[in-house]
Amino acid sequence: MFSRRIRELAPSGTIALSNKVSKLKAEGIDVISFTLGEPDFATPVNVIRAAKDALDAGDTHYTPSMGIKGLREYIARHVFRKNGIKTGIDNIMVLPAKFALYAAVQAIVNKGEEVILPDPAWVSYGPMVQLAEGSVRSVPMEYENGWHLRALDIENAINSRTKAIVLNTPANPTGSVMTRPELEEIAKLAKEHDIFVIADEVYEDLIYEGVHHSIASFEGMAERTITVAGLSKSHAMTGWRIGWIIGNTEFISNVNKLQQHSLTCLPGFIQQAGMEALKSGAGNVEMMRREFLERRNMLIPLINSIPGLSCEVPKGAFYAFFRADLGMDSMKLSERLLEEAHVAMIPGSAFGPTGEGYMRMSYAASRNDIAEGMRRIKEFVEALG
Ligand code: GLU
C-alpha cells in the first residue's frame with residue numbers, strides 16, 4: 001500500500017520522543033523534557049512585532065520561491081560580516097534549515113552514491129541520504145578524542161562513489177567545535193577528491209569555547225560548499241521554520257526547482273520577521289548564549305556527580321552527550337527514565353552506532369527543570385543500586 005521508500009524510513013528519534021512527551025503531558029503527567037534542541041526563550045519581541053505588522057499589512061500571499069530579495073540581501077551581508085562568506089543573492093535561498101539539508105541531498109546525490117557522515121551525528125542526515133537512494137559511509141568518532149572528526153578517517157572513507165561530506169560544527173549531539181586546522185584538512189580533501197561539503201552551521205552562534213569557522217570562506221571552497229544555517233537556535237525561532245542555504249548559483253537554481261515543486265516559498269510575514277531578527281543585531285543572541293553557558297556549567301558537574309554517568313564539558317550547541325554505564329542500552333535507559341522518573345532524553349543510539357552507551361540531554365531547558373530533572377535521575381540511578 002505504501003511506497004518502499006516510506007515503509008523503510010524510521011521515525012525521527014528526536015521528534016518521535018518529543019511527540020510522546022507532549023502526549024504524556026496532555027494526559028497530565030509531569031514529564032521533564034530534555035529531548036528537543038529547542039531554546040525555551042520567547043522569540044524576541046521586535047521579531048514578533050515585525051511579523052504582526054506584516055500580517056496587518058496583508059503580507060499573506062505567495063512570495064518568490066528563492067525568498068524575498070530584501071531578506072537575501074540581509075543574509076548575504078550577515079554571512080559576509082560574521083562568517084567571511086563572500087556571496088550574492090543568487091547564491092542564497094530562504095527555506096527551513098532542515099528542509100534545506102534534505103533539498104541539498106536531493107540535489108546532489110544519485111542512487112548508489114555515498115555521503116560521509118560523522119558518527120554520532122544528528123538523526124536525520126542518514127534518512128535524508130536514504131530518501132535520495134544514496135548510501136551512508138559513517139566515520140566513527142571517539143569520546144576520548146573529544147568527538148573530533150579526524151581527516152585521516154575521512155580520507156580512508158573516500159572512494160569513487162563519494163559525493164559529499166557532512167560537517168556539523170558546533171555539533172549535535174556532541175557539542176564539539178571543529179578547529180580551523182581540522183577544517184582546513186577536510187577542505188583540502190574535498191578539493192583533491194572533488195566532493196561537496198555540506199556544512200550544517202545551525203549552532204554557529206552557540207559557542208562557549210573556541211571560535212566558529214565557516215569552511216565556505218576558505219580558499220577555493222565556496223564553489224563546493226553548501227552552507228545551511230538559520231534562526232531557529234540563535235533567535236529562539238524554532239517554530240517559525242526559517243533558515244537558508246548558500247551554494248554556487250547552479251546548485252541554488254537546482255534547489256529552487258525542488259522548492260517550486262514542494263514548499264513553493266516561505267510565508268512573507270515570516271521572512272519579514274527574519275529580516276528584523278538579522279537587522280536587530282546580536283544582543284538577544286548573546287543574552288541567550290550566556291544563559292546556555294550558565295546552564296551548561298550547572299549541568300555538567302551534576303551529571304558527573306552521579307555514579308555511572310560521565311560527561312566532558314561540551315564547547316558548543318546546547319547538548320550534553322554523556323556516557324551512561326548503568327547496565328542497559330541507551331534505548332532501554334531512555335524508556336525507563338521516561339516511565340519511572342518522568343524524565344525524557346534521547347538515547348545515544350539514535351545518533352548512530354557509536355552513540356550507543358550515551359544519552360543526549362538538551363540543556364536548552366530552564367534551570368529549574370535541569371535541577372529537578374537531575375534530582376530525578378539521581379534518585380532513579382540510586383534505586384538501581
Ligand atoms: N535539531 C533538533 C534536535 O536535534 C530538533 C529536532 C530535530 O530536528 O531533529 O533536537
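In listed order, ligands and their atoms are each counted from 1.
For ligand 1, one of its N or O atoms has an N or O atom of Arg360 under 3.5 Å away. Residue Gly37 has at least one nitrogen or oxygen atom sitting less than 3.5 Å from a nitrogen or oxygen atom of ligand 1, judged on distance alone. The distance criterion of under 3.5 Å between nitrogen or oxygen atoms is met by Trp122 with respect to ligand 1.
In the vicinity of Ile15, heavy-atom distances shorter than 4.0 Å reach the ligand 1 atoms 6 (C), 7 (C). Near Lys233, the atoms of ligand 1 lying under 4.0 angstrom from a non-hydrogen atom of the residue are 1 (N), 2 (C), 5 (C). Proximity to Tyr319 (heavy-atom distance under 4.0 Å) selects the following atoms of ligand 1: 2 (C), 3 (C), 4 (O), 10 (O).
Using cut-offs of 30° and 60° for the angle between ring planes, the Trp244 and His78 rings count as perpendicular. The aromatic rings of Tyr358 and Phe321 lie parallel to each other, with less than 30° between the two planes, well short of the 60° mark.
Both the backbone and the side chain of Leu36 come within 4.0 Å of ligand 1, counting heavy atoms alone. Only the side chain of Lys98 comes within contact range of ligand 1, with a heavy atom under 4.0 Å; no backbone atom does. Looking at Ile346 against ligand 1, nothing comes within 4.0 Å, counting heavy atoms.
Environment of NZ in Lys191: crowded, with over 12 heavy atoms of neighbouring residues, nucleotides or ligands closer than 6.0 Å.
Side-chain polar atoms of Asn256 and Ser65 form a donor-acceptor pair below 3.5 angstrom.
With respect to the salt-bridge test (charged N to carboxylate O, under 4.0 angstrom), the residues Arg150 and Glu142 qualify.
For atom 9 (O) of ligand 1, the closest non-hydrogen atom on the protein side is Thr14 OG1, 2.6 Å.
With sequence neighbours left out, Glu209 forms a salt bridge (Lys or Arg N to Asp or Glu O under 4.0 Å) with Arg296.
Screening residues 374-385 for side chain to side chain donor-acceptor pair (under 3.5 Å), with sequence neighbours left out, gives Asp30-Arg376, Glu372-Arg375, Glu372-Arg376, Arg375-Glu379.
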